[in-house]
Peer 1: 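First the structure, which I've put down as structure tokens, then a few questions once you've had a look.
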Number of protein chains: 2
Amino acid sequence: MQMDERKQKVLSAIIRDYVSTAEPVGSRTIARKYNLGVSPATIRNEMSDLEELGFIEQPYTSAGRIPSDGGYRYFVDCLMEREQLNDSELIVVRESLHDHLEVNMLMQQATDLLSQMTNYTAVVLSPEVGKTTFRQMQLIPIQPNKAVAVVITSAGIVESKILDIPEFLSATDLKKVARFINRSLMGLSLDKVRMALFRELAEKLKKEEQVLSQALEVIDEALKAEGQERVYLSGTLNIFKQPEFKDVEKIQTLLGILQEQNTVRHILNETSKHGINVKIGLENDHQGFRNCSMITATYQVDGETLGVIGLIGPTRMEYSKAMAAVETLTDQLSLVLRKYFRR
Amino acid sequence: MQMDERKQKVLSAIIRDYVSTAEPVGSRTIARKYNLGVSPATIRNEMSDLEELGFIEQPYTSAGRIPSDGGYRYFVDCLMEREQLNDSELIVVRESLHDHLEVNMLMQQATDLLSQMTNYTAVVLSPEVGKTTFRQMQLIPIQPNKAVAVVITSAGIVESKILDIPEFLSATDLKKVARFINRSLMGLSLDKVRMALFRELAEKLKKEEQVLSQALEVIDEALKAEGQERVYLSGTLNIFKQPEFKDVEKIQTLLGILQEQNTVRHILNETSKHGINVKIGLENDHQGFRNCSMITATYQVDGETLGVIGLIGPTRMEYSKAMAAVETLTDQLSLVLRKYFRR
DNA sequence: TGTTAGCACTCTTAGATAATGAGTGCTAAC
DNA sequence: GTTAGCACTCATTATCTAAGAGTGCTAACA
């Protein structure tokens, strides 16, 4: 059996209706609301075909039809018209995400915007800190035997960690180490800094002053701990708006998953091919998302992928609007982050 | 009517039973489980009295009794024995919260611990940054016309903000400003720094070099923005464990409130008298918490209150255990934070 | 051959009714 | 003052029925 134009129209109508009402759609409803110029009986025949093709299904005998995962897939691939955000939304995005913001803020803002515009749950993975470039390190004594190591990067991200300092290291020693490090590492990416740290520096310093190399070890550890992408989350409460999640247990499971940053990071990294990406229902690897659809897209600078934006909603999702929002945000992030991450 | 010893025992039994089962308690149950040496009929009489006293109530005629807010209040004030955390829990607390941690980490850790140990929702307000003392400020150029201002405090907290720098300020100018600020402000509390910034410094600098005073304005703004206590939240999903919150709407409202950091901050600051504090049901000002009880306590250093710890659960709460946990954590926090906040 | 009207059939949902059972309050006896 | 006995209340559950939405099939129609 083939999809002809009328079948497409019927499927499209079913999906549009179900997306907005969340109720199974009957033949009469379609005949009434979407004038295809044929009677309910004809539509019933078409629906029967669509069911055989696997695009729609009945929750039970003699209820209306609801789209299947496959139906949504066909809709997204072949029927849906891609749309743009409207002008006022575009303005909001551009004005909210500008290069005055420190990267943390920028990411949180982007996540908030995405969930507000779509009413779904937004997730963003920030760039790995390792991909920014090193600007400066400070070692500042704050208490006897304690100092803060502060790392400033081109993204304005500041990583800091409290270090234990052995007694025999004076404030002057600390300054010396910092100055030495800064001279040597300026402008390198943090990934390279970490590589370089042990090999070259520790080497050199050991010859000159064995004392200082100890400080380096601690710093290396501090850097190692901060390597991963951060997870930003917003609009988790939007889940409650969806009738498919009126069940407490479903909400609980989903919220549970979303709170595990490692899981979220993993899921997003897995799905993040270049460009925009839609996973519908069972297409999702993680079984906690089998009721959900997830739209992801990567943002990049100079061809290098820096992070992922994700949007999670029910399979009964406004794909066109959602994709437009995700796409706009990745574009804007890519644009703004150029200043921080360009090599 | 007076509370005699037997009434107390009956009330205590009702509360203990209801806390663990969440089901209305009948006279037979009490006679069976808690051997008071009297028959159900006698207990019924006592229960009738307790109801008249306002300590228990019936959800409907001929159901068992459940404790009222007043009943819990009497229990907490007069009947309950205060307990301690057990040894293994104490060890966990002490080992998890030590002074190697940066303050942010410390707070998050404390919040997590509190919710894990109690199975309720934990909220912690961090010390206001203004109460730490100033150690050092750096102004680091990262792009043309942009610099990061980094403030390092005695708590190891690093606040950073990206500043727009006018063209005519050179890197050398920036260094000069930073050096000047550091010389002048070292050791002051951040509150005082902010006060001092405009009055003295801007004054002096204006005379010497009008250019640099502009940089100061931006820095002042950066400081202003970071003044508030941070809100740490953990164990929100524990709400789902409570049968009184099996209703989706109740969960939603509560989660909604908890996500508004300003509201939470306000509520916690309101209730935070010195020492440990229990608000039961309607005693809570915020009406979203009328089903809840909240245990709060402040932690302090050198007599100065730095922040608040809160624990939120249903009124049907294990008060004794919960209070023990809150108290232990405030003590430990007070202890650890001495190193960072002592004047 | 494709389209449509008609109709019997299915299955959920909502509402009504009845049975169950836990628990009380009251009375009278101990 | 305590207790046994008993009638009464009311939520909960199960069962049943009626209503309604929607289908699938058949037969007629263009």
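The sequence lines fix the lettering, A, B, ..., with proteins before strands; numbering per chain opens at 1.
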Peer 1: Would you check if A:Y120 and A:I295 make a side-chain contact, meaning some heavy-atom pair closer than 4.5 Å?
Peer 2: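 Heavy-atom side-chain distance check fails, nothing below 4.5 Å.
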
Peer 1: List every contact pair, protein side and nucleotides 10-17 of chain D side both N or O, where the distance is under 3.5 Å.
Peer 2:
from: D:dC10; atom 1: OP1; to: B:T61; atom 2: OG1; distance (Å): 3.3

Peer 1: Is there a residue in residues 39-56 of chain A whose heavy atoms reach under 4.0 Å of DNA chain D, and which residues are they?
Peer 2: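 A:R44, A:M47 - these, ordered by number, are the residues of the stretch whose heavy atoms sit under 4.0 Å from the strand.
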
Peer 1: Using 4.0 Å as the upper bound for N to carboxylate O, is an ion pair formed by B:E260 and B:R265?
Peer 2: no

Peer 1: When rounded to the nearest 0.5 angstrom, what is the spacing between CG in B:N291 and CD1 in B:I312?
Peer 2: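 Interatomic distance, B:N291 CG to B:I312 CD1, rounded to 0.5 Å: 13.0 Å.
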
Peer 1: Using a distance-only test with no angle check, is there a side-chain donor-acceptor pair under 3.5 angstrom linking B:Q108 and B:D112?
Peer 2: yes

Peer 1: So, do A:T298 and A:T330 sit near enough that their side-chain heavy atoms are less than 4.5 Å apart?
Peer 2: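 When only atoms from C-beta onward are counted, A:T330 and A:T298 do not touch, as no gap falls below 4.5 Å.
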
Peer 1: Can you find a heavy atom in the side chain of A:T121 that is under 4.5 Å from one in the side chain of A:I239?
Peer 2: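 A side-chain contact exists here, since the closest heavy-atom pair is under 4.5 Å.
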
Peer 1: List in numerical order all residues of residues 5-31 of chain A for which some heavy atom is under 4.0 Å away from an atom belonging to DNA chain C.
Peer 2: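 Result for residues 5-31 of chain A: A:R6, sorted by number.
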
Peer 1: Report the residue from A:R6, A:K9, A:R65 that forms a salt bridge (charged side-chain N to carboxylate O under 4.0 Å, His left out) with A:E46.
Peer 2: A:R6

Peer 1: Could you pull out every donor-acceptor pair under 3.5 Å between side chains of residues 54-62 of chain A and any protein atom, sequence neighbours left out?
Peer 2:
from: A:Q58; atom 1: NE2; to: A:A63; atom 2: O; distance (Å): 3.2

Peer 1: Which pair of non-hydrogen atoms, one from A:I267 and one from A:T271, has the smallest distance, and what is that distance?
Peer 2: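 For A:I267 versus A:T271, the nearest heavy atoms are O-OG1, 2.7 Å.
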
Peer 1: Can you find a side-chain donor-acceptor pair between B:D17 and B:Y34 that sits under 3.5 Å?
Peer 2: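 There is such a pair (donor and acceptor under 3.5 Å, judged by atom type) between the side chains of B:D17 and B:Y34.
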
Peer 1: With a 4.0 Å limit, can you tell me whether B:R32 has a side-chain N or O closer than that to the phosphate oxygens OP1/OP2 of C:dA22?
Peer 2: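 For C:dA22, neither OP1 nor OP2 has a side-chain N or O of B:R32 closer than 4.0 Å.
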
Peer 1: Quick test of your reading of the model: are A:K321 and A:E89 salt-bridged, counting only N-O distances below 4.0 Å?
Peer 2: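 Between A:E89 and A:K321 there is a salt bridge, with a charged N closer than 4.0 Å to a carboxylate O.
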
Peer 1: Inspect the contact between B:E327 and B:R82 and indicate whether a charged nitrogen and a carboxylate oxygen are less than 4.0 angstrom apart.
Peer 2: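 Yes.
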
Peer 1: With each end axis built from five pairs of C1' atoms, what bend angle do you get for the helix from C:dT1-D:dA30 to C:dC30-D:dG1? Round to 10°.
Peer 2: 20°

Peer 1: Between C:dT3 atom P and A:L36 atom CG, what is the distance in whole Å?
Peer 2: 12 Å

Peer 1: Could you list the residues that satisfy side chain to side chain donor-acceptor pair (under 3.5 Å) with B:E318, not counting sequence neighbours?
Peer 2: none

